[in-house]
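These numbers come from the heavy atoms of this one structure, side chains and all, not from hydrogens, waters or symmetry mates.
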Amino acid sequence: ALPRPDTAPGAEMADEAQKKPHLSALVGHTNGLTKPASLAAAATRGGGGGGGSAGAAAASSKKLVIKNFRERPKLPDNYTQDTWHKLHEAVAAIQSSTSIKYNLEELYQAVENLCSYKVSATLYKQLRQVCEDHVKAQILQCCTDSLDSLLFLKKINKCWQDHCRQMIMIRSIFLFLDRTYVLQNSMLPSIWDMGLELFRNHVISDKQVQNKTIDGILLLIERERSGEAVDRSLLRSLLSMLSDLQVYKESFEQRFLEETNCLYAAEGQRLMQEREVPEYLHHVSKRLEEEGDRVITYLDHSTQKPLIACVEKQLLGEHLTAILQKGLDNLLDENRISDLTQTYQLFSRVKGGQQILLQHWSEYIKNFGTTIVVNPEKDKDMVQELLDFKDKVDHIIEVCFQKNEKFINLMKEAFETFINKRPNKPAELIAKYVDSKLRAGNKEATDEELERILDKIMIIFRFIHECGAAFTSKLEGMFKDMELSKDVMVQFKQYMQNQSDPGNIDLTVNILTMGYWPTYTPMEVHLNSEMIKLQEVFKTFYLGKHSGRKLQWQTTLGHAVLKAEFKEGKKEFQVSLFQTLVLLMFNEGDEFSFEEIKMATGIEDSELRRTLQSLACGKARVLIKNPKGKDVEDGDKFIFNGDFKHKLFRIKINQIQMKETVEEQVSTTERVFQDRQYQIDAAIVRIMKMRKTLGHNLLVSELYNQLKFPVKPGDLKKRIESLIDRDYMERDKDNPNQYHYVA
């Protein structure tokens, strides 16, 4: 298609001509098309007031004064008629593609002269009529010829291309008319727009021509979709013509989308029967790519959205369930990574696609996992198969499903469902598996590999709702950690006494074997120099006794007792390590912004917000937040509260927990308790081992003092019952509220 012209052949000469005096070419000349130099000179002398020749005037000291004509010159007789005759001849020559007799500049000047003498309206009407007659002649020619579809399209295209070329040429001659009279009359279309209007009204709006054109275009597109090579430049030109004429949507797009809908509805039904799922999905991707290419190559850009939506609906949306029922299990069984990736990408394009994929994904995990867990014949390999299966689904989520949180969460729920279909046995086998790995030590694997295996097992183990006596080996490992930590600390205290500068901080470290405990995500923070020094001292001491081991500090589990002075007196705060780092900053100043605290402590953004909430928005407000509010926002400032008051001397400031949805709270509470119940068991056994005999209420009270997390009385009772069942303790025969430790 040709663009709407703003400049055209002859425009430069036209612009130049436009600057010339309006009347210079009319004096003493019959047709007004030329401007002899002698007349121009005469006109200049006539207006010079007898100043002599131009050269003499320039040389003298007198100024050259040019005055207007005393009277407006009149047009010669028949000038308008003769001039239009010449212009008409030129237009006819352009329309018939023959040579123009007259110089283009002369023609342009003639139009300018006519416009100067107020005949613009007549000139515009005459030009429109000539153009209209020519366009009408074209339509008659198109309708009379009996051509096949392709030849007809080529003829219409040539007709359109010729029309555009002719209108550009005509406009270049009538440019002065277009830029003066037409521009000043807002109701009149420009010469170019007039040409489009005439072509639209007399050619494309003709039902026979329009139907034959649209039918031909649709036939070409249908052929291309079936694999034939077609003339794409012809399609591009014709569809651009429809856009330029502003009939694209009403005449073409609606029918095109209807036919596309029918084509892909039939194709989807047929291919779903004929092809396997991977081949079918590959075909869908190919079709989407082809239609996208059509938009780029010859369709109007506005067609892209409805066209792609149509393909997606008919090839995907109508067959979502059928595709998954037919092929998802096979893709997952065979670990077809590229096909699964394509499935996820395509289903994500369609409304409801991800949701239905999620449902089938969950069902697959439950069904496959159940076959691993419930069959006693598979007990020997159950744990290894569970680990392999978990690795497999993790890999699929990461590579194919773009780490989508919904797929991760549903996978966890599915694991939790199937692994608890057979009570106790999975927990027992997991414990035995861990025991065998720990016994083998680095004979079978390096320390890093062993830690990696234990981390994976702990993840599987968290899905189990109950664990029986089979978990004793892991529980004992946790007890052993606590006992060993006590011995290590006794030795460390002695070691510190021999240091030249023991420091003012009393450091206690619990050494946790990674496999026995839940997996915690390490978080790097900026400790103060004294803490770092103590860490290095302990590291040197510990690795000196246990070479080859690796220590990883868990800052999220750290806590401290801080001494503080207020106007009311001294207080002690039992706080987390993060709370400690924030509060210690106020030894250096009374006010800090959120950003300054974040920079100084290095605490992760969301964790820092919760930490500051606990210190400035909770019950014990050691800090004052400005401006006031429940949430911590960027730019908030925090001021040390020197007027702090509290009835207790030692105050425990609890960390604010992350907000969760109701569903997340139910799920998280269940999982957190699964992780913490082993710590509760360890605490109960430790207390009973020390006290030997203890009443229920005293035991519960002691547990609340020792445990670093909130726990319900009912949950404590369950853990006590579990330890009685496993012979760690027993009830008094005469008093059921009295317990005895079983050595």
Is there a salt bridge (charged side-chain N to carboxylate O under 4.0 Å, His left out) between Asp605 and Arg610 once you walk through the steps?
CA-CA 9 Å; Asp605 190 279; Arg610 290 198 298 278; over 6 Å; no
Between Phe594 and Asp634, is the side-chain contact (heavy atoms from CB on, under 4.5 Å) condition met? List the steps.
CA-CA 6 Å; Phe594 171 79; Asp634 292 349; 3.8 Å; yes
Take Asn510 and Met489, measure what side-chain contact (heavy atoms from CB on, under 4.5 Å) needs, and give me the verdict at the end.
CA-CA 8 Å; Asn510 285 319; Met489 289 320 297; 5.9 Å; no
Applying side-chain contact (heavy atoms from CB on, under 4.5 Å), run through Thr601 and Met585 and close with a yes or a no.
CA-CA 9 Å; Thr601 61; Met585 283 185 69; 4.0 Å; yes
Determine, step by step, whether Tyr364 and His360 satisfy the ring pair (Phe, Tyr, Trp, His ring centres under 6.0 Å) criterion, reporting the C-alpha distance in whole Å, the side-chain angles of both residues, the deciding distance to 0.1 Å, and the verdict.
CA-CA 6 Å; Tyr364 173 82; His360 282 76; over 10 Å; no
Worked verdict on Phe492 versus Tyr542 for ring pair (Phe, Tyr, Trp, His ring centres under 6.0 Å):
CA-CA 8 Å; Phe492 182 62; Tyr542 186 78; over 10 Å; no
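A salt bridge links Arg731 with Glu721: the closest approach of a Lys/Arg side-chain nitrogen to an acidic carboxylate oxygen falls below 4.0 angstrom.
Looking only at atom types and distance, the side chain of Gln579 has no donor-acceptor partner in the side chain of Thr611 under 3.5 Å away. Using modelled atom types and a 3.5 Å distance limit, the side chains of His319 and Gln269 yield no donor-acceptor pair. For the 3.5 Å distance criterion, the side chains of Asp681 and Gln677 fail to qualify, holding no donor opposite an acceptor. For the residue pair Ser606/Glu604, the side-chain donor-acceptor check at 3.5 Å is satisfied.
The distance from atom NZ of Lys598 to atom OG of Ser593, rounded to the nearest 0.5 Å, is 11.0 Å.
A cation-pi arrangement is present between Lys392 and Phe368, with the terminal nitrogen or guanidinium carbon under 6.0 Å from the aromatic centre and inside a 45° cone about the axis. Arg691 forms no cation-pi arrangement with Tyr741, by the criterion of a distance under 6.0 Å to the ring centre and an angle within 45° of the ring axis.
Checked against Gln325 for a side chain to side chain contact (heavy atoms under 4.5 Å, CB included), the options Thr321, Asp329, Ile323, Leu328 give a single hit: Thr321.
The aromatic ring centres of Phe638 and Phe592 sit 6.0 Å or more apart. For Phe418 and Phe463, the ring centers sit 6.0 Å or farther from each other.
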